[in-house]
Amino acid sequence: MISSINSAPLERENEYLFGWDPTPGIVSVWAQRDGQAIIWQREGEHVTRTEARFYPWLFASTLDDLTSFRTPPDNVAAASTLRVSQAGRKYPGADRLVNAVPGSGHSNGATIWYRELDGPSDAYRYLIAARDWRTLERAIVSGAARRLDRPIKSLNELEDSYYRVGPVEQYLMYSGRVYFRGLNYEDLHRLQFDLETTALDPHRGRIFLIAIRDNRGLATTLEASTPEDEARLIGALCDLIRERDPDVIENHNLFGFDLPFLEQRARVLGVPLALGRQLPGGRAAVLERLQETLAIGPDARRRTRYSVAGRELIDTLDAVRRHDFVMRDMPSYSLKDVARYFGIASADRVYLEGAAIFDTYRRDPATVRRYALDDVAEVDGLSRRLLGAPFALASMAPRRYERLASAGPAMGILEPMLVRAYLRAGVALPRQGNQQGEAAMHEGGAVHLFATGVAERVVKADVASLYPSLMCTFQIGPARDRLGVLLSILGRLTDLRLAHKVAARTARPGSIEANHHDATQAAMKILINAAYGYMGAGSMALFADSRAADEVTRRGRAILTQVLDALRQHGMALIEADTDGVYFAVPAGWTEEQERALVSKIGAELPEGIHLEYEGRYRAMLSHEVKNYALLTYDSRLIVHGVALRSSRAEPFGERFLRQALLCTMTGDIPGVRKVFLETVAALRSRTLTAADLAARVRLSKTPESYLAIKNTRPEPAYEALLRAGRTRWYPGERVRFYRARGKNNYVWLPEETAETSTSNDWLERNEQDIAVTPEQRGAIAGRRDYDVEHYVRTLVTSYAERLRKAFAPEDFDQLFSPDQPGLFDRPVESIEPVWIRC
DNA sequence: ACTCACCGGGG
DNA sequence: GTGTACGGTGAGT
């Protein structure tokens, strides 16, 4: 546990970060506009439901809309009139809402309170609350319509004057409660379900099987053998979910596929989707849909988000996208690929082509059951791998867990925490958008490419958390954050994260404690990294401050410059630098100790609070372009960064050549480069390589129909290869191999050799009659050697050797990668050197 | 050949 | 009721 010193500022900082109400075990909150909140709490395997009242509230920059009519006008319904009243004790913290609206009308009807807050005149200086949100909204809307003398339909049109959040956020911000206090991720009851359907479109297909599992031991399938049985199947799903009573429902693409499909089928069949927990009336909550806009601007997309009382709905696809947003190295976001990427796919996992699932089910239902259960098991694995941090965030930020799992870290998480702090302190909220003197041009981090070529003895050093450290060290926060909440939170997070990192390292690996501390430090990292981005956010962010953000990047560039200057002074050879990190080469004969000593010496000269870290050392580096390089570790692993050094075609012979040539180049073995190149050319010309070595593997995107429509205007090799092989059926998404044989545009399809690559099993069965390919024949095709040799020699040079161009002088490059005999004026290969980057 | 729009996922 | 982007590909000239 993290010890805390009992001091008032620390107490306040903890409240900023974690809220203040100690209620433990909240696993779900449902709040409505009428001021009713329902809270589900878990204690062991027991879940209790309680009800609470809250007073819907918002921040306002003006009271004009509430005071503009003093007596109820004839055309306004009685319900929207105002009655002055003292707030009673029943409202928690009601003392903060005691001022009555002066001189408002008072007929029977609703009560609205307000409190004037401390703050500048252009801020949201009033906190307004009412018994019921609709009362509040109606009063403001009709007041504004009167004041502005035009029809106003909703608060949306008054964004300038009012700041509001959703009902659950209102409840959590006001009460100081958060989710999951005292719970571990393993305590959550999580259930995964996955639909198997006869088509992707619910108008054309139906559900025939549902796999369900949970982390309390359930793993089963529900099935509908006939179309007439589908309604019963949906009912059985709802019953089972209510019986198991999970806190969380999860699946991959839950919001994009399973729930819309389920909703449509339930609608057609007239089955209620009672997936939620029981509400006070005794009825089970029904699935609700909400529209959600993702991103703003030209690329804005809408999606439907679903919600249900009492359970959190989690789409692991969101978590995957977020993970890749940071990592940027995932091949695809499909469940199967992602499971393999994380190493959570089991060895005997069943793979089926999507379009073949239903047919397979009719022949062999057991296989489809296993397949679907493998799916939900992988979703559980993904959840454990990816949702720990959102879980930890939910015990800090005043939002639902399901929202924190996909919310943007700045506007979606950090800002609600700031608003909660201002609400708690009773201080006016700054208004967004009116930033004076728009900072001229925003300059970001510095990127330098100092040298291209090959370096030996390379060290990577970088400044740990550069931007947040600068914010803390120089106390650069948003000018409008009068309470200094952002910097407080940031400082506290930095300390706590360090402690959690240490705790995670000392706990037994894989233990509940280790997972908890690791998830918490990951959550804190998300918030820490969001702090700078939030200041630079657009005008929609309440506390955005582009000048402060510029100040941070300016100081960041200065720090980087200081590091680079120091390295140069010490005679290091700079290679490339980007924002907060640098690659450089050290002199021959240097030891790791010397490298580390240099980094810490330079780091010691940096301002207090800015830490330069020794991140790694490499035997060699090929610098190609900014952010495009290859590294060779001291244990001889090759690491390739950036698209410029990768091949998208991935023909095995080319990949192999590139790896070997990179290794030789980086170890200075230029004869080796020439040798590998000539050997590859020779293997092509002697047809030692087989078709399988040359085949490109691509993913099909067109259906047979759509390809046939454009075949004559734009033939594509992959489809041509299939058609020539007699295959007239395939599925978009299928990956196929093909190679180019002798003869004009003669592309040959190469069936997969083993059954392990799932993609082809199904169509092979379907096409078996059409084309009569036996396993032996498959092997025979893969071993064919009738490829177009000169085409592949050209590919070798233009597509693979090309990636080594920066490593050599132009004439040396041409000589090294000439497939022909040495020319008259060629120099001996032994005398060719790569372009060295040296001290 | 080149630009523009759209998609990514799910059966 | 609120906040990614980037690379690949298809369609349209």
Side-chain angles (χ1 to χ4, degrees), chain A residues 154-157 159 162-169 194-202 204-211 251-262 265 290-303 305 307 315-318 320-322 324-326 328 330-338 352-361 368 371-372 375 379 399 403 406-416 432 530 533-534 536-542 544 643 646 648 698-703 706-707 709-710 713-714 716 718 731-733 762:
Chain A
S154 81
L155 272 176
N156 299 348
E157 300 170 50
E159 280 181 343
Y162 299 94
Y163 179 86
R164 68 201 164 114
V165 296
V168 175
E169 284 81 1
D194 186 47
L195 306 184
E196 302 304 331
T197 65
T198 58
L200 281 171
D201 178 355
R204 298 199 308 116
R206 62 179 175 90
I207 306 165
F208 65 89
L209 183 147
I210 305 176
N251 197 18
H252 203 64
N253 206 14
L254 182 69
F255 294 128
F257 178 72
D258 297 82
L259 290 180
F261 202 108
L262 196 55
R265 298 309 299 161
L290 311 150
Q291 284 296 315
E292 188 179 47
T293 311
L294 296 175
I296 226 123
D299 239 5
R301 263 148 228 243
R302 281 204 116 66
R303 82 155 176 186
R305 183 174 187 107
S307 202
D315 191 336
T316 49
L317 178 58
D318 288 333
V320 165
R321 286 202 181 105
R322 179 186 282 185
D324 193 48
F325 190 67
V326 185
R328 306 204 160 280
M330 301 191 55
S332 98
Y333 297 164
S334 79
L335 177 63
K336 284 80 179 166
D337 288 345
V338 172
L352 288 174
E353 194 66 37
I357 291 172
F358 185 51
D359 284 349
T360 309
Y361 179 70
V368 175
Y371 165 82
D375 270 6
V379 170
R399 301 197 73 189
R403 305 308 302 267
S406 60
M411 296 292 284
I413 305 177
L414 215 41
E415 184 163 283
Q432 72 274 39
Y534 179 72
S539 58
M540 289 306 284
L542 285 177
V643 285
R646 289 177 193 277
S648 61
V698 301
R699 191 183 285 276
L700 302 180
S701 56
K702 298 182 174 75
T703 61
S706 58
Y707 180 68
I710 61 141
T713 48
R714 286 189 59 176
E716 294 179 38
Y731 303 107
D762 172 66

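Chain identifiers are assigned alphabetically (A, B, ...) following the order of the sequence lines, protein sequences preceding nucleic acid strands; residue numbering begins at 1 within each chain.
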Which nucleotide sits closest to the side chain of [X]: [options]?
X      : options               : value
A:N156 : C:dG1, B:dG10, B:dG11 : C:dG1
A:P409 : B:dG10, C:dT4, B:dG11 : C:dT4
A:R164 : B:dG11, C:dG1, B:dG9  : C:dG1
A:N253 : C:dT2, B:dG11, B:dG9  : B:dG9

Does OP1 or OP2 of C:dT2 have a side-chain N or O of A:R403 closer than 4.0 Å? yes
Using ring pair (Phe, Tyr, Trp, His ring centres under 6.0 Å) as the criterion, list what pairs up with A:Y371, not counting sequence neighbours. none
Integer-rounded Å distance: [N] [atom2] and [X] [atom1]:
X      : N      : atom1 : atom2 : value
A:L542 : C:dT2  : CG    : C1'   : 12 Å
A:L352 : B:dG11 : CG    : P     : 10 Å
A:D201 : B:dG11 : CG    : C1'   : 11 Å
A:E353 : B:dG9  : CD    : P     : 13 Å
A:F257 : B:dG8  : CZ    : C1'   : 16 Å
A:I207 : B:dG10 : CD1   : C1'   : 13 Å
A:Y333 : C:dG7  : OH    : P     : 12 Å
A:L259 : B:dG9  : CG    : C1'   : 14 Å

Under 4.0 Å, counting only non-hydrogen atoms across every strand here, what does [X] touch: a base, just sugar-phosphate, or nothing?
X      : result
A:G408 : sugar-phosphate
A:L335 : sugar-phosphate
A:D375 : sugar-phosphate
A:I357 : sugar-phosphate

Please determine, by modelled atom types, if A:R305 and A:S406 share a side-chain donor-acceptor pair under 3.5 angstrom. yes
Would you please say whether a donor-acceptor pair under 3.5 Å links the side chains of A:E196 and A:Y361? no
Within the modelled atom types, does a donor on one side and an acceptor on the other bring the side chain of A:D258 and the base of B:dG10 under 3.5 Å apart? no
Determine the interatomic distance between P on B:dG8 and the same-named atom on C:dT2; round to the nearest Å. 24 Å
Please measure how far the C1' atom in C:dG7 lies from the corresponding atom in B:dG11, and state the result in whole Å. 26 Å
Step-by-step side-chain contact (heavy atoms from CB on, under 4.5 Å) determination, A:F208 to A:V368: CA-CA 11 Å; A:F208 65 89; A:V368 175; 4.3 Å; yes
side-chain hydrogen bond (donor to acceptor under 3.5 Å, both in side chains) partners for A:D315, two or more places apart: none
